[in-house]
Chemist: 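First the structure, then my questions, so here it is.
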Amino acid sequence: MKHFINLKDIPAKDLRRILIDAKKRKKARKKLNNLDHDKGTPLKGKLLIQMFEKSSLRTRLSFFLAISQLSGRTLTLRPDELHLSKGGESIEDTAKILSSFGDAFMLRTDNDEKLEEFKKHLTIPIINGLSPSSHPTQILSDVFTVEEIKKKPISKLNITWIGDSNNVLNSLIAASIKFSFKLKVGCPKKYQPNKNIMNYIKKNKNKITIYNDPKKAVLGADVIFSDKVISMNDKVNKKKKLKDFKNFKINRNLLKKCPRAIFLHCLPRGSEVDENVFKSKQSKVWLQALNRVHVQKSILLYCLGKLR
Ligand code: CP
Ligand code: NVA
């Protein structure tokens, strides 16, 4: 049994094994319908319990399809219906019940400590479906998408992030260390990654460069990643933050500086990207969203010790 909480804690070779499995499975499903089962019904009889303490469209749907295609089932709990959310039951006891009724637990939460606390008491794997500090299932899937489109290992590509220093960027930074790719980050000085993240980058002698000029950050890019300037539950002066990011909008002019780049965005989007770019040929956001099903299937198999 393996947990999937943060990319930085998962061995690089395991992350690569997950991607290799996802590629094989995706290829083998070309003629199948959404709910058709993969050959071998690898998670027959298994139940994935999901809980979202914050909004979700893609993560919810993609985990539903992922476990369904592996012949398992999913049940989504509403946090407001559990005793836990009202202080009427401990994480320890909730975890005990989840472990005896289910086979894996996927949690989207606004509290990183909660993931750790659940991990301590669960006897089934826990998967982080987004927390304040990371969004690991998203970024592993994005590595898959980049390699699928560019037909090259991501270590041979130049990756750029334009946007806030948030959970998705933290996972991208962890991925750049695990998969050894060059990463340029473009953001206003005030919104650069925090000390802990900068120390993690330094400790791993990684090649991450931070620019406060978006035009410099995108030069030579094969991929441009972005995300909303204001994340869920971001307790900032929203108007001020959006204004601070005004020069970091991804528009046609910016993309002219990196003509071979594809544009990726985890979604949902805000005002950080121009409609023209979002709907252009360079934008691969819909394939990116769909690929989450394929990669999360292999994440589930990894966690349950069934990766081929
Ligand atoms: N990208 C992503 O995680 O989307 P949802 O918030 O809709 O799940
Ligand atoms: N950074 C965003 C990602 C949403 C999928 C957020 O946390 O709201």
Side-chain angles (χ1 to χ4, degrees), residues 4-7 22 48-68 74 76-79 105-115 126-146 161-175 183 185-188 191-194 197 223-236 238 241-242 244-245 248-250 262-273 278 283-297 299-300:
F4 197 91
I5 295 183
N6 199 318
L7 295 183
L48 168 70
I49 301 173
Q50 306 195 72
M51 186 160 82
F52 295 87
E53 296 181 339
K54 296 162 102 171
S55 311
S56 169
L57 173 64
R58 283 144 284 266
T59 307
R60 187 186 303 268
L61 286 172
S62 52
F63 268 107
F64 173 82
L65 279 188
I67 187 88
S68 304
T74 183
T76 301
L77 302 176
R78 279 183 50 169
F105 180 46
M106 203 287 314
L107 178 65
R108 170 168 288 196
T109 179
D110 216 6
N111 182 347
D112 282 288
E113 281 164 19
K114 201 179 256 184
L115 281 162
I126 182 163
I127 299 172
N128 176 3
L130 183 147
S131 74
S133 77
S134 68
H135 197 1
T137 62
Q138 174 74 53
I139 286 297
L140 189 58
S141 170
D142 293 348
V143 172
F144 180 93
T145 302
V146 167
W161 169 274
I162 301 287
D164 191 23
S165 296
N166 63 15
N167 44 6
V168 181
L169 174 61
N170 290 346
S171 288
L172 188 62
I173 289 172
L183 176 62
V185 174
C187 64
Y191 299 94
Q192 288 183 185
N194 67 32
I197 300 287
V223 183
I224 295 181
F225 276 93
S226 192
D227 186 10
K228 271 193 184 189
V229 171
I230 315 279
S231 282
M232 289 182 274
N233 298 4
D234 195 354
K235 291 178 184 64
V236 284
K238 296 193 171 79
K241 191 167 178 185
L242 287 170
D244 292 342
F245 271 91
F248 289 78
K249 190 166 181 127
I250 297 150
I262 56 165
F263 173 74
L264 295 181
H265 191 304
C266 60
L267 303 177
R269 63 178 153 142
S271 55
E272 63 286 343
V273 54
F278 188 80
S283 168
K284 304 291 178 192
V285 295
W286 306 124
L287 175 67
Q288 179 188 7
L290 202 57
N291 275 340
R292 297 207 41 209
V293 176
H294 301 291
V295 175
Q296 281 160 200
K297 283 165 69 178
I299 292 173
L300 283 166

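The shown structure was predicted, so the numbers you read here are calculated from the model rather than taken from an experiment. The figures here come from the full heavy-atom set of this structure, side chains too, leaving out hydrogens, waters and symmetry mates. Numbering of ligands and ligand atoms starts at 1, following listing order.
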Chemist: Please report whether ligand 2 has a polar contact with K54, defined as an N or O pair separated by less than 3.5 Å (distance criterion only).
Modeler: no
Chemist: When rounded to the nearest 0.5 angstrom, what distance separates CG in L169 from CG in D227?
Modeler: 9.5 Å
Chemist: So is L130 polar-close to ligand 1, meaning N/O to N/O under 3.5 Å?
Modeler: no
Chemist: Need the ligand 1 atom indices (1-based, order shown) with element for anything under 4.0 Å from a heavy-atom of C266.
Modeler: 1 (N)
Chemist: Could you tell me whether the side chain of T59 reaches within less than 4.5 Å of the side chain of L130, counting heavy atoms only?
Modeler: no
Chemist: Would you mind listing which atoms of ligand 2 come within a distance below 4.0 Å of any non-hydrogen atom of L267?
Modeler: 5 (C)
Chemist: Non-hydrogen atoms of D234 versus ligand 2: any pair closer than 4.0 Å?
Modeler: no
Chemist: When the ring planes of Y191 and F245 are compared, do they come out parallel, tilted or perpendicular, using 30° and 60° as the limits?
Modeler: tilted
Chemist: Of the protein's non-hydrogen atoms, which lies at the shortest distance from atom 6 (O) of ligand 1, and what is that distance?
Modeler: R108 NH1, 2.8 Å
Chemist: What protein heavy atom lies closest to atom 3 (C) of ligand 2? Include the residue and the distance to one decimal.
Modeler: D227 OD2, 3.6 Å
Chemist: Does the pair E53 and T109 meet the rule for a side-chain hydrogen bond (donor to acceptor under 3.5 Å, both in side chains), with working shown?
Modeler: CA-CA 5 Å; E53 296 181 339; T109 179; 2.7 Å; yes
Chemist: What do the steps show when you test V146 against V143 for side-chain contact (heavy atoms from CB on, under 4.5 Å), and what is the final call?
Modeler: CA-CA 5 Å; V146 167; V143 172; 5.8 Å; no
Chemist: How far is atom 4 (O) of ligand 1 from the closest protein heavy atom, and which atom is that?
Modeler: R58 NE, 2.9 Å
Chemist: So, D234 and K228, do they make that salt bridge, N to O below 4.0 Å?
Modeler: no
Chemist: Give, for atom OG of S55 and atom CZ of R108, the distance between the pair rounded to the nearest 0.5 Å.
Modeler: 8.0 Å
Chemist: Mark up the atoms of ligand 1 that fall under 4.0 Å of a heavy atom belonging to L267, in ascending order.
Modeler: 1 (N), 2 (C), 4 (O)
Chemist: Is there a donor in the side chain of S226 and an acceptor in the side chain of E272, or the other way round, less than 3.5 Å apart?
Modeler: no
Chemist: Applying a heavy-atom cut-off of 4.0 Å, say which part of R292 lies close to ligand 1: side chain, backbone, both or neither.
Modeler: side chain
Chemist: With heavy atoms of H135 as the reference, note each atom of ligand 1 found under 4.0 Å away.
Modeler: 2 (C), 3 (O)
Chemist: Report yes if N167 has an N/O atom closer than 3.5 Å to an N/O atom of ligand 2; otherwise report no.
Modeler: yes
Chemist: Which residue and non-hydrogen atom of the protein lie closest to atom 8 (O) of ligand 2, and at what distance in Å?
Modeler: M232 N, 2.7 Å
Chemist: Would you indicate whether F248, at its atom CZ, is surrounded by more than 12 heavy atoms from other residues, nucleotides or ligands within a distance under 6.0 Å?
Modeler: yes
Chemist: Can you tell if the side chain of F225 reaches within under 4.5 Å of the side chain of V168, non-hydrogen atoms only?
Modeler: no
Chemist: Any atoms of ligand 2 less than 4.0 Å from a non-hydrogen atom of N166? List them with their elements.
Modeler: 1 (N)
Chemist: Tell me, which protein residue and heavy-atom name are nearest atom 4 (C) of ligand 2, and how many Å apart are they?
Modeler: L130 CD1, 3.8 Å
Chemist: Report yes if R60 has an N/O atom closer than 3.5 Å to an N/O atom of ligand 1; otherwise report no.
Modeler: no
Chemist: Using a 4.5 Å cut-off on heavy atoms from C-beta on, say whether the side chain of F63 contacts that of T74.
Modeler: no
Chemist: I need the atoms of ligand 1 closer than 4.0 Å to a non-hydrogen atom of L57, numbered in the order shown.
Modeler: 5 (P), 7 (O), 8 (O)
